[in-house]
Amino acid sequence: MYVLVDPVSTGRELAAAFREEGAHVLHLYEAPLHAEHALDTAPHTHLLARTGPDAVQEAAQMLRHEPVTAVIAASERGVLFADELAHVLELPHHEHRLAAARRDKELMVRALEDAGVPAAGTRTIGSVAELDEALDAWGTAPGTPLVIKPRDSAGSDGCTVVTSRAQAYAAVEATLTRPNLMGETNTDLLLQEYLAGTQYIVNTVSMAGRHLVTEVYRERIDTIDGAPVLRHIVSRPQLDEREHDLVDYVLRCLDALGIKEGAAHTEVMLTAAGPRLVEVNSRVMGPSLAPDPYHAAFGYSHQHLVAERFLRPQEFARRFDLPYGGGRTLVKIFLRGFQNGVLASVEGARVLRRLPGFHSIDRLPATGAPIPDPALTTGASGIAYLVHEDEDLLHSTLEFVHHLEDDHAFYRMADAPADRRHAPEPEGAAA
């Protein structure tokens, strides 16, 4: 049996990859995810009744006499729980003493420093007073950009680039003590050195502490109203010398954080001083892993390689002898409306489908509903995939799609009709 902890977001695609191969998989949900558990139609699911350390003991007692082969984090939410449960069940997993550093972004930086791996300057702040102390201690010149973000969240939630104390105060007041995308309250924040350069993604799958590089992507991130907004990623079938150094740096980060088994999704900035870690996520990439475009480009997807590692380890091990690279270029566009209101129509979809290199669209939002915050990287506004051998052709298509988005020509928005906002109560409605 393979236990997938909290299979939400791209954890659903990870679970599907295991089920495709007929594996006996249990979808194990922590208690706060009762709504997600209720919607899960897989044959073997379980919702834990307890929370915190008691939940780990509850799960361990339930599974102790089952033939469990592996416990796998199936989303960012499940990372800590999967680590702890695998440790209690004495199953191979990541290095237990570094579990907290694989979620807490300050501890992540400290683990890199302890291992002698260069990292961005980072301070924890829990109040405006502590912000003042940190800014005074750093002595940064006025106008120097800094980043303020939650210690534990995802999808660019709460991440703000500031260039003045006033902006920093506003960012702290807007984010501190507020709930984040992980369902937790931001009790403190990170103040971090702003990393100027080109941001990359490096995806890996590990086995017994050995790391297989599966994909490398270059990202385009725009700063809009002080928030970093991911516009697209482009795969790198062939790496130049600096990109090879960046990959080597990522592997050092994985070792420093005790990554041993399964997927990791690492974001890293290539700066003038060399690579610097943004964050390591010890789970498959999000927020969309629709498998077909990845197979069309690379011959595999991140989640299918994780399934292969656990279901067919000898076959997976042979991949370590193969060089990275080859295949076609994949582009993933995080479609953005950049407008508030209700979605009236998707004007750009029929245009996009006719463009050179188009492969597919995933999670296209429904008309008649509002589009969520366009700054978040959750895929809620839709994700378009391009796949082709000619990278120049794909960049031409990319620029055209972004032109449609920026001109508000991809999505057409409309306010909710007055009669919908003030509809009469149906007969029999409770007072």
Side-chain angles (χ1 to χ4, degrees), residues 10 76 105 108-109 119-122 144-150 153-163 167 171 175 180-181 189-203 215-236 239-240 242-243 246-247 249-250 253 265-281 285-288 329-338 363 371-386 391 394-395 397-406 410:
T10 45
E76 189 65 26
K105 294 180 176 64
M108 188 175 291
V109 169
T122 302
T144 301
L146 296 168
V147 176
I148 293 174
K149 62 183 181 182
S153 192
S156 302
D157 171 43
C159 186
T160 308
V161 179
V162 300
T163 56
Q167 290 177 355
T175 310
N180 60 40
L181 285 185
L189 305 172
L190 291 188
L191 176 68
Q192 201 162 54
E193 170 191 359
Y194 177 79
L195 299 173
T198 303
Q199 188 157 313
Y200 283 79
I201 290 169
V202 179
N203 287 338
E215 307 131 77
V216 178
Y217 300 93
R218 183 183 290 162
E219 301 182 83
R220 172 180 162 183
I221 298 177
D222 295 349
T223 299
I224 300 175
D225 296 330
V229 177
L230 177 58
R231 303 298 301 274
H232 67 248
I233 64 176
V234 180
S235 70
R236 301 288 295 150
L239 307 181
D240 62 28
R242 294 193 75 202
E243 290 167 339
L246 178 140
V247 168
Y249 171 86
V250 167
C253 292
H265 165 70
T266 301
E267 298 175 14
V268 59
M269 189 74 74
L270 185 54
T271 74
R276 294 293 184 271
L277 182 69
V278 177
E279 62 187 30
V280 172
N281 304 280
M285 180 169 68
S288 168
T329 300
L330 180 142
V331 174
K332 187 174 181 178
I333 308 173
F334 294 80
L335 298 167
R336 309 284 185 176
F338 297 121
R363 303 188 184 185
I371 289 184
D373 185 347
L376 293 178
T377 306
T378 59
S381 296
I383 292 176
Y385 289 97
L386 313 176
E391 187 173 340
L394 292 180
H395 278 288
T397 296
L398 258 180
E399 291 307 312
F400 186 76
V401 174
H402 288 324
H403 174 75
L404 290 176
E405 295 173 285
D406 295 342
F410 196 92

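Residue numbers start at 1 and run along the sequence shown. It should be emphasised that the depicted structure is a prediction, and the values quoted were computed from it without experimental measurement. Values below: every heavy atom of this structure, side chains too, minus hydrogens, waters and symmetry copies.
- With rounding to the nearest 0.5 Å, the separation of CD in Glu193 from OG1 in Thr271 is 8.0 Å.
- Proximity of Leu394 to Val234: side-chain heavy atoms (C-beta onward) are nowhere separated by under 4.5 Å.
- Between Leu189 and Ile148, the closest heavy-atom pair is CD1-CG2, 3.9 Å.
- Side chain of Thr198 to backbone of Leu270: no donor-acceptor contact under 3.5 angstrom is found.
- Put simply, the side chain of Arg363 gets close to the backbone of Pro287: a donor and an acceptor are under 3.5 Å apart.
- For the pair Val268/Val278, no side-chain contact is recorded, criterion being any heavy-atom separation below 4.5 Å from C-beta on.
- Taken to the nearest 0.5 Å, the CG atom of Leu246 stands 9.5 Å off from the CG atom of Asp240.
- With sequence neighbours excluded, no residue forms a ring-ring contact (aromatic ring centres under 6.0 Å, His included) with Tyr200.
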**Report entry** Candidate pair Glu267 and His265, rule side-chain contact (heavy atoms from CB on, under 4.5 Å), full reasoning
**Finding:** CA-CA 7 Å; Glu267 298 175 14; His265 165 70; 3.5 Å; yes

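- In this structure, Arg236 and Glu391 have side chains that are in contact, with non-hydrogen atoms separated by less than 4.5 Å.
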Requested in this report: Decide side chain to side chain donor-acceptor pair (under 3.5 Å) for His403 and Glu399; before the verdict, give the C-alpha distance in whole Å, the side-chain angles of both, and the deciding distance to 0.1 Å.
Outcome: CA-CA 6 Å; His403 174 75; Glu399 291 307 312; over 6 Å; no

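- Note that the SG atom of Cys253 and the CZ atom of Arg276 stand 10.0 Å from one another [nearest 0.5 Å].
- The shortest non-hydrogen separation linking Cys159 to Pro150 is N-CD, 4.3 Å.
- Formation of a donor-acceptor pair under 3.5 Å by the Gln167 side chain with backbone atoms of Val162 is not found in this model.
- At distances below 3.5 Å, at least one donor-acceptor pair connects side-chain atoms of Tyr249 with backbone N or O atoms of Leu277.
- Taken from CD in Glu76 to CG in Asn281, the straight-line distance is 4.5 Å, to the nearest 0.5 Å.
- The two residues Ile371 and Ser381 have their closest heavy-atom pair at CG2-OG, 3.2 Å.
- A heavy-atom distance below 4.5 Å is not found between the side chains of Thr329 and Leu386.
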Requested in this report: Test side-chain contact (heavy atoms from CB on, under 4.5 Å) on Phe338 and Asp406 and set out the steps.
Outcome: CA-CA 8 Å; Phe338 297 121; Asp406 295 342; 3.8 Å; yes

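- The distance from the CE atom of Met269 to the CD atom of Glu219 is 8.0 Å, given to the nearest 0.5 Å.
- Annotation: side chain of Ile201 is in contact with side chain of Ile233 (closest heavy-atom distance under 4.5 Å).
- Exactly one residue among Arg231, His402, Arg336 makes a side chain to side chain donor-acceptor pair (under 3.5 Å) with Asp222. That residue is Arg231.
- Phe334 has its side chain within reach of Ile383: a pair of non-hydrogen atoms, C-beta onward, lies under 4.5 Å apart.
- Counting heavy atoms from C-beta on, the side chains of Val250 and Pro275 never come closer than 4.5 Å.
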Report task. Tell me, with the steps shown, if Val401 and Glu405 meet side-chain contact (heavy atoms from CB on, under 4.5 Å). Result -> CA-CA 6 Å; Val401 174; Glu405 295 173 285; 4.0 Å; yes

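- A donor-acceptor pair under 3.5 Å is formed between the side chain of Thr122 and the backbone N or O of Ala120.
- At a threshold of 4.5 Å between non-hydrogen side-chain atoms, the residues Glu243 and Val216 do not count as touching.
- Note that OG1 of Thr144 and OH of Tyr194 are 12.0 Å apart. Values are rounded to the nearest 0.5 Å.
- At distances below 3.5 Å, not a single donor-acceptor pair connects side-chain atoms of Lys105 with backbone N or O atoms of Lys149.
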